[in-house]
2 protein chains.
Amino acid sequence: MGERYLKSVRLLAECLQGFERFVAEPVRRHGLTHPQFDIIATLGNTPGMTYKELGERTLITKGTLTGVIDRLEQKGLVERARNCDDKRSFLVRLTAEGDTLFRNVFPAVVAHGKQLFADYGDGDFEQLDHALRRLRTRLDTPGLVTPGGHVPADEG
Amino acid sequence: MGERYLKSVRLLAECLQGFERFVAEPVRRHGLTHPQFDIIATLGNTPGMTYKELGERTLITKGTLTGVIDRLEQKGLVERARNCDDKRSFLVRLTAEGDTLFRNVFPAVVAHGKQLFADYGDGDFEQLDHALRRLRTRLDTPGLVTPGGHVPADEG
DNA sequence: TATTGTTATACTCTATAACTATA
DNA sequence: TATAGTTATAGAGTATAACAATA
């Protein structure tokens, strides 16, 4: 404790948590959960993508992804299409209805969220992004020591 | 789309998501889920607090909280104590075992996370906090317009 | 052999609402 | 009447491992 960074992480958590709560309203209004919206938003304006790609972008593991996609498929918002290149995989893409939803919900969510940054100028965004980008870079860097005292690569 | 702030929010999400994944390792190693750790961390170094207080700090609703506390109680990490002032409520507090866990896990998690900010100087933290604080302030500000076009206070 | 996606399992979280006991 | 916490319900996400089809 007493570590300087904890304050920043707490702020970070409060901001994202607050933002997600703030944004959850229009999402839930359309009957979507957060992961479901994540999928819709990720598929929006694309020709579709494989489970693998979707999983990597949304950080949802494949076993879970099947369930989430199933529910979206039941709602008629996405569809699976055979991937000619690799018969093991599917392309998941928005249906016409899914695309309509995307075009309705996404701008609403964006507009809703935009208000929060009403008083941010270019400089403020730059400042924020700069600090965050460093952290993200650090997060992508392998070789950090785990609490056990060994590097992740050593582990089972 | 094309909104400037989306880039920042994406960064924000990636950072927190990445941080939580990074930190999840030591937490899970001790058999705790994220909400459970949240409770332990919140109760640490306190004489205990009520459900209401706990719920407000962790943003877990009371119905859910009962379940989370139940599981922690089954593990012998927290205990309920009658609140003399108000017989409707309990004080939830760490047991000796819970306190030991807190003292073991929390510093480990903190130390683990600290590495991410190894190259952040005072100025970097200030910059980050400054930008985040503005966003948080904005999130706490009522009266923002919802996608439906009316202010939240108008709703059911 | 490795990879893509599915299935099964078991648990946890979540929101919600009806309920109790106190206040 | 209002509040603190419980219980019941129903759904959704999660990790994990074993599995089929394909590469």
Side-chain angles (χ1 to χ4, degrees), chain A residues 17 20-21 23-25 27-40 42-43 48-75 77-93 155-156, chain B residues 13 17 20-21 23-40 42-43 48-75 77-93 155-156:
Chain A
Q17 208 165 25
E20 286 182 343
R21 283 174 67 86
V23 144
E25 208 180 314
V27 170
R28 294 237 319 269
R29 190 170 300 193
H30 288 269
L32 296 178
T33 65
H34 183 80
Q36 285 171 11
F37 175 71
D38 219 5
I39 300 291
I40 298 289
T42 303
L43 290 177
M49 59 186 75
T50 63
Y51 273 63
K52 186 178 162 64
E53 248 180 302
L54 261 181
E56 280 164 359
R57 296 212 193 190
T58 59
L59 297 181
I60 298 175
T61 57
K62 60 181 181 178
T64 302
L65 200 53
T66 300
V68 178
I69 298 293
D70 279 352
R71 277 162 227 127
L72 286 173
E73 202 176 23
Q74 278 165 26
K75 292 179 184 174
L77 299 175
V78 305
E79 62 189 1
R80 292 163 164 90
R82 277 258 161 243
N83 183 356
C84 299
D85 297 345
D86 184 340
K87 287 181 184 167
R88 290 173 304 182
S89 73
F90 296 94
L91 284 182
V92 185
R93 63 184 179 211
E155 310 222 332
Chain B
Q17 208 164 23
E20 285 182 345
R21 284 174 66 87
V23 144
E25 208 180 317
V27 170
R28 294 238 320 269
R29 189 170 303 191
H30 288 270
L32 296 178
T33 65
H34 183 80
Q36 285 170 11
F37 176 73
D38 221 6
I39 300 291
I40 299 287
T42 303
L43 289 178
M49 60 186 75
T50 64
Y51 271 63
K52 187 177 161 65
E53 247 179 303
L54 261 181
E56 280 165 0
R57 298 212 193 192
T58 59
L59 297 181
I60 299 175
T61 56
K62 59 183 183 178
T64 303
L65 200 53
T66 299
V68 178
I69 299 292
D70 279 351
R71 278 161 226 127
L72 287 173
E73 201 177 24
Q74 277 165 25
K75 293 179 184 175
L77 299 176
V78 306
E79 62 190 3
R80 292 164 164 90
R82 275 258 161 244
N83 184 355
C84 298
D85 298 344
D86 185 338
K87 286 181 185 167
R88 289 173 304 183
S89 75
F90 295 94
L91 285 180
V92 184
R93 64 186 177 208
E155 309 221 331

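The CG atom of A:Asp70 sits 12 Å away from the P atom of D:dA12 (whole-angstrom rounding). Taking atom CG of residue A:Asp86 and atom P of nucleotide D:dT22, one finds them 10 Å apart after rounding to whole Å. With rounding to whole Å, B:Leu54 atom CG is found 12 Å from D:dG5 atom C1'. Going from atom CG of B:Leu91 over to atom P of D:dA4 covers 13 Å, rounded to whole Å. Note: CD (B:Gln74) to C1' (C:dC11) measures 12 Å, nearest angstrom. In this structure, B:Ile60 atom CD1 and C:dT12 atom P are separated by 14 Å, rounded to whole Å. Atom NZ in A:Lys52 sits roughly 8 Å away from atom C1' in C:dT3 (whole-Å rounding). One can place CG of A:Asp85 at 10 Å from P of D:dA23, the figure rounded to the nearest angstrom.
Distances shorter than 4.0 Å separate none of the side-chain N or O atoms of A:Tyr51 from OP1 or OP2 on C:dT3. Taking only side-chain nitrogens and oxygens, A:Thr61 never comes nearer than 4.0 Å to OP1 or OP2 of D:dT14. In this model, the phosphate group of D:dG13 is not approached by any side-chain N or O of A:Thr64 to a distance below 4.0 Å at OP1 or OP2. Contact annotation: B:Thr33 side-chain N/O to C:dC13 OP1/OP2 distance is under 4.0 Å. Residue A:Arg82 places none of its side-chain N or O atoms closer than 4.0 Å to OP1 or OP2 of D:dT22.
Taking the nucleotide of DNA chain D with the nearest heavy atom to each of A:Lys87 and A:Lys62, the more 5' of the two is matched to A:Lys62.
Picking from C:dT6, D:dT6, D:dA21 the nucleotide with the shortest atom distance to the side chain of A:Arg88 gives D:dA21. Relative to the side chain of B:Arg71, the nucleotides C:dT12, C:dA15, D:dA12 differ in distance, and C:dT12 lies closest. Relative to the side chain of A:Arg80, the nucleotides C:dT6, D:dA12, C:dG5 differ in distance, and C:dT6 lies closest.
Rounded to the nearest 0.5 angstrom, B:Lys62 NZ and B:Lys52 NZ are separated by 9.5 Å.
Not one N or O on the side chain of B:Arg93 forms a donor-acceptor pair closer than 3.5 Å with the backbone of B:Leu43.
Between A:Thr42 and A:Met49 there is a side-chain heavy-atom pair separated by less than 4.5 Å. A 4.5 Å side-chain heavy-atom check between B:Leu65 and B:Val92 finds every atom pair outside the cut-off.
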Chi angles and distances behind the side-chain contact (heavy atoms from CB on, under 4.5 Å) call for B:Leu32, B:Leu77
CA-CA 11 Å; B:Leu32 296 178; B:Leu77 299 176; 4.0 Å; yes

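Looking at heavy-atom distances under 4.0 Å, A:Thr66 makes contact with a base.
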